[in-house]
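See structure below.
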Amino acid sequence: METPVHAEHILSLHELVTGTADIKAILQGVTGFASKAMSQAAGDPIDCALTLRRRKRTATVAGSSDKAVLLDHIEQSLGQGPCLDALDQGKPLLLDDVATDVDWPQYSRALGAEGCHSALGVPMDLGETSEAVLNFFASKPGLFTPEVIDEAAAFAHVAGSTLRLAIRIETVEQLNADLKTAMTTRTIIDLACGAIMAQNRCTQEEAFKFISKASSHRNEKVHKVATDIITHVSGAAEGSLHFED
C-alpha cells in the first residue's frame with residue numbers, strides 16, 4: 001500500500017509555485033521538502049538532489065545541500081548510477097550499500113569516498129517535453145526500506161505535478177516576454193519606416209528596403225538600424241517604449 005505524503009508537504013510544494021516564478025528556486029525548494037520528508041520517513045538524515053532536463057536546454061540541478069549537488073554531478077559525469085537508470089526505466093532504483101553494490105561499481109566507490117553509503121533514484125512524470133529525477137543520499141546503508149521507497153515515490157508523484165505546473169507557467173511567461181519583444185521590435189521598425197517615408201516621400205516598402213540595405217552594409221540587425229534612425233530623428237530611444245501586461 002502506498003505511503004501517503006504528509007499534507008504539509010503537499011501544501012508547501014504548491015506554495016512554491018505561487019510564491020515564485022523562478023524554476024531554479026522551485027527546484028531548490030522541492031529538494032528541501034523532499035529531504036525533510038525522507039529524513040522523517042527513514043529516521044535519519046537524507047539529502048536530496050533533483051535534475052531537470054528540458055528540450056533544447058541544459059540540465060538544471062538543485063540540491064538540499066552542496067554535497068547532494070556534488071554527488072549528483074559525480075553520477076552525471078560518470079554516466080552511471082540509480083538516478084540515471086531510474087530515468088531510463090521509469091521506476092525507483094536502489095543502491096542499498098556501496099560496499100556490496102555490483103550494478104554501479106564506479107559510482108559506488110565515488111559515493112563511499114564522499115561518506116555516502118546508499119542512494120535512491122526516483123523518476124518524476126513531467127510529460128513528453130521534460131524529465132526529472134530525485135536522487136536521495138544517505139550516510140548509512142539499508143535506510144531505504146520498502147516503506148521509505150514508497151514514501152519517496154509518493155512524494156515524487158506530488159512534486160511532479162507541482163513541477164509540471166511551474167514549467168507551464170514559466171513557458172507562458174516566456175511566450176509573453178517574447179511577444180513583448182517582438183511588438184517592441186516591430187513598432188521601432190514601423191516608426192523608422194514612417195520617418196523615412198515622411199522625409200523621402202516614398203512607400204513603406206521602399207522605406208523598409210532602405211533600412212534592410214543599411215542593415216546589410218553596417219552588419220547590424222534591422223532593429224538596431226531602425227532604433228538609430230528613431231534616435232536621430234526624435235531623440236527617443238528604444239527604452240521609451242513600454243507595453244502594459
Side-chain angles (χ1 to χ4, degrees), residues 5 9-10 12-38 46-95 103-104 106-108 110-111 114 116 118-138 144 149 151-178:
V5 179
H9 299 312
I10 296 175
S12 297
L13 285 169
H14 286 284
E15 284 178 344
L16 278 176
V17 178
T18 59
T20 178
D22 178 23
I23 198 71
K24 177 70 174 180
I26 291 174
L27 297 183
Q28 201 72 40
V30 168
T31 60
F33 293 132
S35 174
K36 181 180 178 182
M38 294 308 104
I46 292 178
D47 279 331
C48 176
L50 191 160
T51 300
L52 170 66
R53 293 175 179 167
R54 290 179 286 177
R55 289 179 183 173
K56 299 181 180 180
R57 299 195 187 189
T58 56
T60 305
V61 179
S64 59
S65 68
D66 291 340
K67 187 173 183 180
V69 174
L70 169 66
L71 297 176
D72 191 277
H73 279 309
I74 290 174
E75 181 172 4
Q76 302 295 329
S77 63
L78 290 176
Q80 64 168 242
C83 174
L84 295 176
D85 287 357
L87 264 182
D88 291 338
Q89 298 182 30
K91 63 181 182 181
L93 289 179
L94 173 64
L95 195 169
D103 293 321
W104 309 284
Q106 249 187 313
Y107 186 53
S108 289
L111 286 182
E114 295 292 338
C116 175
S118 59
L120 174 69
V122 184
M124 305 170 76
D125 181 13
L126 299 184
E128 296 181 357
T129 61
S130 305
E131 60 181 12
V133 62
L134 290 167
N135 214 355
F136 297 100
F137 306 101
F144 295 108
I149 294 174
E151 177 80 7
F155 183 93
H157 176 71
V158 175
S161 66
T162 299
L163 277 186
R164 286 197 299 272
L165 176 59
I167 290 170
R168 288 193 188 104
I169 293 173
E170 185 195 47
T171 299
V172 170
E173 290 182 344
Q174 185 60 54
L175 287 173
N176 286 338
D178 291 345

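- A distance of 8.0 Å separates CD1 of Ile46 from CZ of Phe136, quoted to the nearest 0.5 Å.
- Side chains of Trp104 and Asp85 form a contact here, defined as non-hydrogen atoms less than 4.5 Å apart.
- The backbone N or O of Leu84 sits less than 3.5 Å from a side-chain atom of Glu75, completing a donor-acceptor pair.
- A distance-only check finds a donor-acceptor pair linking the side chain of Ser64 to the backbone of Cys48 [under 3.5 Å].
- Among all heavy-atom pairs drawn from Thr31 and Ala49, the shortest one is CG2-C, 4.0 Å.
- Annotation for Ala62 and Val69: closest pair C-CG2, 3.9 Å, computed over non-hydrogen atoms.
- Nearest heavy-atom pair, Ala68 versus Phe137, reported as atom, atom and distance to 0.1 Å: O-CE1, 3.6 Å.
- Side-chain atoms of Gln28 and Leu50, non-hydrogen and from C-beta on, never get closer than 4.5 Å to each other.
- Shown here are the side chain to side chain contact (heavy atoms under 4.5 Å, CB included) partners of Leu70, two or more places apart in sequence or in another chain: Ile74, Glu114.
- Lys24 contributes a side-chain N or O that, together with a main-chain N or O of Val61, makes up a donor-acceptor pair within less than 3.5 Å.
- Counting all heavy atoms, side chain and backbone alike, Val133 lies closest to Ala86 at CG2-CB, 4.4 Å.
- Put simply, the side chain of Val30 reaches to within 4.5 Å of the side chain of Phe155, judged on heavy atoms.
- Here the side chains of Met38 and Leu120 are not in contact, with every heavy-atom distance at 4.5 Å or above.
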TODO: Take Leu163 and Leu27 through the side-chain contact (heavy atoms from CB on, under 4.5 Å) test and state the conclusion after the steps.
DONE: CA-CA 8 Å; Leu163 277 186; Leu27 297 183; 3.5 Å; yes
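- Leu126 is listed as a side-chain neighbour of Leu52, based on a closest heavy-atom distance under 4.5 Å.
- Within the 4.5 Å cutoff, no side-chain heavy atoms of Leu71 are placed close to those of Asn135.
- Going from atom CE of Met124 over to atom OG1 of Thr51 covers 11.0 Å, rounded to the nearest 0.5 Å.
- For Ser118, the side chain to side chain contact (heavy atoms under 4.5 Å, CB included) test picks out Ala138, Phe144, with sequence neighbours left out.
- The side-chain contact (heavy atoms from CB on, under 4.5 Å) with Leu93 is formed by just one residue from the set Pro123, Cys83, Pro82; it is Pro82.
- You'll find the side chain of Asp103 stays beyond 4.5 Å of the side chain of Leu95, heavy atoms only.
- Considering OG of Ser77 and OH of Tyr107, their distance stands at 9.0 Å, rounded to 0.5 Å.
- The closest donor-acceptor contact from the side chain of Gln80 to the backbone of Gln106 lies under 3.5 Å.
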